[in-house]
Amino acid sequence: MGGPFLEIRLDTIASNAQAIVDFCSSFGVEVWGVTKGCCGMPEVARAMLSGGVSGIGESRLANISRLREAGIDAPFLMLRLPHISEARSIVEAFDMSLNSEIDTIRALAAEARAMRKRHGVILMVDTGDLREGLWPDRVSETARKIADLDGVELVGLGTNLSCYGGVIPSEANLGLLVQLARQIEQELGVGLKYISGGNTSTLPLMASSKLPRGINMLRIGEAILQGTESIHRTPWPGTRQDAFVLHAEVIEIADKPSVPIGERGQDGFGGFPVFEDRGIIRRAIVNIGRQDVLVENLTCLDKGVTILGASSDHMILDATHAHQPLKIGDTVSFNLGYGAMLQAMTSPYIEKKPAP
Ligand SMILES: *Cc1c(COP(=O)(O)O)cnc(C)c1O
């Protein structure tokens, strides 16, 4: 197959995982590797596990099925709140899930009893990001209800930050999580195995030695896959940022103006693009587009080449200052941010080439 392809460097993913695991373990925190950014690709999960993650977190049943069918034997954690209609499959496929709704937890418990299994529940607390989780004043009451159910075990409390509201993990919001966990342990007379303090965005707090004592688990995708933290997207020490590289082919190259000629209406996606007049430039078109990838989240590896824009199937580059002059049939390579990686992994038109 000769189309665009995504190179996936598994050794980089493994060494990134190991760097994060080593860093977190020095703070007594275990790392669960999150593979949802690459559609649960089994090779990626294996690389993360070889780097020492304790288990795999996934947001979709289809992805976990892929991992199980590939023979990956690791504890699995469901990240997205389970759908009640999928309760049976969730219990079958996952050892634990993040939850906030007692009705869903009851359904999981019923399925687990029918299967003579015990399903782990991490109760999610909304500490301010306003995505999933119980409001703090409801946590104690819900924990008590879970404790009364057979088939599920309350294994911990968790929170998620920086995803919807962009709220930065802090001593205050994660401190609240720890405080609630301790309160529940006292009230119920049980020990909670996990206090799950978020995702990649918690790493900087840890690095500044301000992670509240008691947080003992993080669910990490981006820092392992991308080698960046997710608050300012700066490279994380000891990791590499080039685990994923996208390659596309030049299908036209010509010297043309930088501003379109003629009366202008909407572009193909309903926008009204603006154009900077750079005079006559060398324009290259490559064989990927908005159907395949989040174009704004790509950077060309040749720093002299900039991305001008894209339609569904064509991406247009300014190759005037290319360090490596481009010609028809050449391959152009791009670094991908998290969003571009996610979309490229999801596009059936981009071949995935995992390489050791
Ligand atoms: C996606 C997700 C993660 C991983 O987030 P990263 O920023 O990629 O580390 C962790 N927890 C939950 C609940 C998630 O949905």
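Counting convention: from 1, in listed order, for ligands and their atoms alike.
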How far is [atom] from the closest protein heavy atom, and which atom is that?
atom	result
atom 8 (O) of ligand 1	Glu222 N, 2.8 Å
atom 4 (C) of ligand 1	Arg219 O, 3.5 Å
atom 5 (O) of ligand 1	Asn199 CB, 3.2 Å
atom 12 (C) of ligand 1	Asn160 OD1, 3.5 Å

Test of proximity, Gly221 against ligand 1: N or O pairs below 3.5 Å: yes
For a quick test of reading the model, state the closest non-hydrogen atom pair linking Glu229 to Thr234 and the distance between them. OE2-OG1, 2.7 Å
Between Lys353 and Glu7, does at least one N-O distance fall below 4.0 Å, as a salt bridge requires? no
Can Glu185 and Arg182 be counted as an ion pair, charged N to O under 4.0 angstrom? yes
Which segment of Leu98 sits under 4.0 Å of ligand 1 when only heavy atoms are counted: side chain
Quick look: Glu229 vs ligand 1, heavy-atom contacts under 4.0 Å, and the answer is neither
Same hydrophobic cluster for Phe5 and Val250, using side-chain heavy-atom links shorter than 4.5 Å among ILVMFWY? no
Element-labelled atoms of ligand 1 that are located less than 4.0 Å from some non-hydrogen atom of [X]:
X	answer
Lys36	1 (C), 2 (C), 3 (C), 14 (C), 15 (O)
Thr200	6 (P), 7 (O), 9 (O)
Ile220	9 (O)

Just by distance, with hydrogens left out, do Glu187 and Gln183 show a side-chain donor and acceptor under 3.5 Å apart? yes
Between Glu58 and Asn63, is any side-chain donor less than 3.5 angstrom from a side-chain acceptor? yes
Applying the side-chain contact (heavy atoms from CB on, under 4.5 Å) test to Arg283, which of Ile253, Asp255, Leu308, Thr320 qualifies? Leu308
Can you tell me if Arg131 has a non-hydrogen atom under 4.0 Å from ligand 1? yes
Contact between Phe244 and Thr12 at the side-chain level, heavy atoms closer than 4.5 Å - yes or no? no
